[in-house]
Amino acid sequence: MSTPVIGVLALQGDVREHLVALAEADALARPVRRAEELAEVDALVIPGGESTTMSKLALLFGVMDPVRERVAAGMPVYGTCAGMIMLADKILDGREDQETVGGIDMTVRRNAFGRQNESFESGIAFAGLDDAPVHGVFIRAPWVEAVGAGVEVLAELPAADGPDSRIVAVRQGNLLATSFHPELTGDHRVHAYFVRMVEEHLAAAAR
Amino acid sequence: MSTTPTTADQPQIGTARVKRGMAEQLKGGVIMDVVNAEQAKIAEDAGAVAVMALERVPADIRKDGGVARMSDPNMIEEIIEAVSIPVMAKSRIGHFVEAQVLQSLGVDYIDESEVLTPADEVNHSDKFAFTTPFVCGATNLGEALRRIAEGAAMIRSKGEAGTGNVVEAVRHLRQIKNEIGQLRALDNNELYAAAKELRAPYELVKEVAELGKLPVVLFSAGGVATPADAALMRQLGAEGVFVGSGIFKSGDPAKRAAAIVKATTFFDDPKVIADASRNLGEAMVGINCDTLPETERYAKRGW
């Protein structure tokens, strides 16, 4: 099978770190800012960044609808932090005019873990990556407040102030989202997990 | 496949990775100076990735003279309340109590800034003592590395704030990039002497020589007034830009702010920059830096 080509939405955010992580997970990675560039990739990563800025730029430069169309057609997408917000069907604490790509039947609360002083890193058990906890960096991070029936919860974090836990990683079909930033660590297993999703998708499409 | 050895699986706050990682999320973006909640909203509407809360923009600090200090906590809190994007605020160089106050207010980044009047002419603040990350200015590589050695998690080239003149921003960014390029060419034997010359820790110098970049995010500041200025700094290697007086000292701040955001993202596309530059109204009136008296050069503050 040929190596999958995975774009990183390069409107704003930690694009370079995702390009490195994808390359280390044996994908061909390239930045995507325009609809023409999107057409040339098999899959997309929406990086961390400021979701309000990213959303605005995606609308302004005409990539929001093309990404939505590709998502509807089954393109695999992985979103981290702001990228998770972009993949949510519903968001809380966003700007009133903030649009998302959508696709995952979930409600995501923006900046739910607090401001930068509350940002943290932690080990997290991640379903499917069972050899060791994934190391997650949470920066003004969102969490998933509610998920629909078709959404698989991959990771949860115990809440600091009670018995509840917070959903921080989900998958629905070809869409993957994490509250945290594996691209800021040397641990690229979540990216490798996504690359496998892309390979399986391409193999199924070729059949 | 490499896996990070996790020293602790328990949540840890205020680590270098969390502090530097915050700046990574700002890359490709514009951070705008604002003096009240209304301006902060205009900045957020325009697509700023963060705002810098301060009492007077640098152009007014220049005009008014006197001692420039940390802003009123009420004003900072109003801005934090008004927007959902990150809020930064400035402390004076070496004034670690102002920094403690800013941390207690919950700002997302502290700028230990030469734009305010320095409180200590020998020492900068110990930035490892804080959970809140710091950004610091630098005019050259040695200065940048000394700030990182003190715990800065982000660097901005200083430029000359409040002038609307990009010449010093260009000079400082080029200086930092050129010195990094020179380090790349040195062999291991030469790095010790280079560290001594840069007056920076050897380990940091070696890291920069290997990475070919700073170990933290590098933005540009001090003099950006137009979309083309912002794109210029990006093409010269800045990972994003701070815009101070350039926006709210111009004729149509909302329009100019949005235009600078566009040009910062599509910094390598002259057509987008051209479109962003149309009909922006009056730019801020600039100052020629060669007529600035030495005492009014903010970039000289800090060492």
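The chains referred to below are lettered A, B, ... by the order of the sequence lines, with proteins before strands, and numbering in each begins at 1.
Using a 4.5 Å cut-off between heavy atoms, F266(B) contacts chain A through both its backbone and its side chain. The part of N111(A) that comes within reach of chain B is its side chain, from C-beta onward, which places non-hydrogen atoms under 4.5 angstrom from that chain. The contact between A48(B) and chain A is made entirely by backbone atoms, counting heavy-atom distances below 4.5 Å. Both the backbone and the side chain of R33(A) come within contact range of chain B, each with at least one heavy atom under 4.5 Å from a heavy atom of that chain. Heavy-atom distances place both the backbone and the side chain of L184(A) under 4.5 Å from chain B. Heavy atoms closer than 4.5 Å to chain A are found in the side chain of D269(B), but not in its backbone. Both the backbone and the side chain of S119(A) have a heavy atom closer than 4.5 Å to some heavy atom of chain B. In this structure, the portion of A46(B) lying under 4.5 Å from any heavy atom of chain A is its backbone and not its side chain.
A 6.0 Å sphere centred on CZ of F267(B) holds more than 12 heavy atoms belonging to other residues, nucleotides or ligands. Atom CG of N279(B) has 12 or fewer heavy atoms from other residues, nucleotides or ligands within 6.0 Å. By the neighbour-count criterion of 12 heavy atoms within 6.0 Å, atom CZ of R30(A) is sparsely surrounded, having that number or fewer from other residues, nucleotides or ligands. Within a 6.0 Å sphere centred on NZ of K213(B), other residues, nucleotides and ligands contribute more than 12 heavy atoms.
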Pairs under 3.5 angstrom only: tabulate donor-acceptor contacts from the side chains of residues 76-89 of chain B to other protein residues two or more places apart or in another chain.
from, atom 1, to, atom 2, distance (Å)
S84(B), OG, R110(A), NH1, 2.7
S84(B), OG, R110(A), NH2, 3.0
S84(B), OG, E44(B), OE2, 2.8

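Your options are V107(B), T265(B), V272(B), T131(B), and the one with the most heavy-atom pairs under 4.5 Å with chain A is T265(B). When each of R20(B), Q103(B), K19(B), E24(B) is checked for heavy-atom pairs under 4.5 Å with chain A, E24(B) comes out on top. Here R95(A) is the residue among R34(A), H181(A), R16(A), R95(A) with the most heavy-atom pairs under 4.5 Å with chain B.
Atoms OG and CD, from S122(A) and Q10(B) in turn, are 6.5 Å apart once rounded to the nearest 0.5 Å. Interatomic distance, L26(B) CG to T53(A) OG1, rounded to the nearest 0.5 Å: 9.0 Å.
A salt bridge is defined here as a Lys NZ or Arg NE, NH1 or NH2 lying under 4.0 Å from an Asp or Glu carboxylate O, and K56(A) with D45(B) fails to meet this definition.
A donor-acceptor pair is defined here as one N or O able to donate and one able to accept, closer than 3.5 Å; such a pair exists between the side chain of Q12(A) and the backbone of K27(B). Using modelled atom types, no side-chain atom of T132(B) and backbone atom of N117(A) make a donor-acceptor pair closer than 3.5 Å. Side-chain N or O atoms of D14(A) include none that pairs as donor or acceptor with a backbone N or O of G21(B) at under 3.5 Å.
Side-chain contact between Q116(A) and Q25(B): absent, with no pair of heavy atoms (C-beta onward) separated by less than 4.5 Å.
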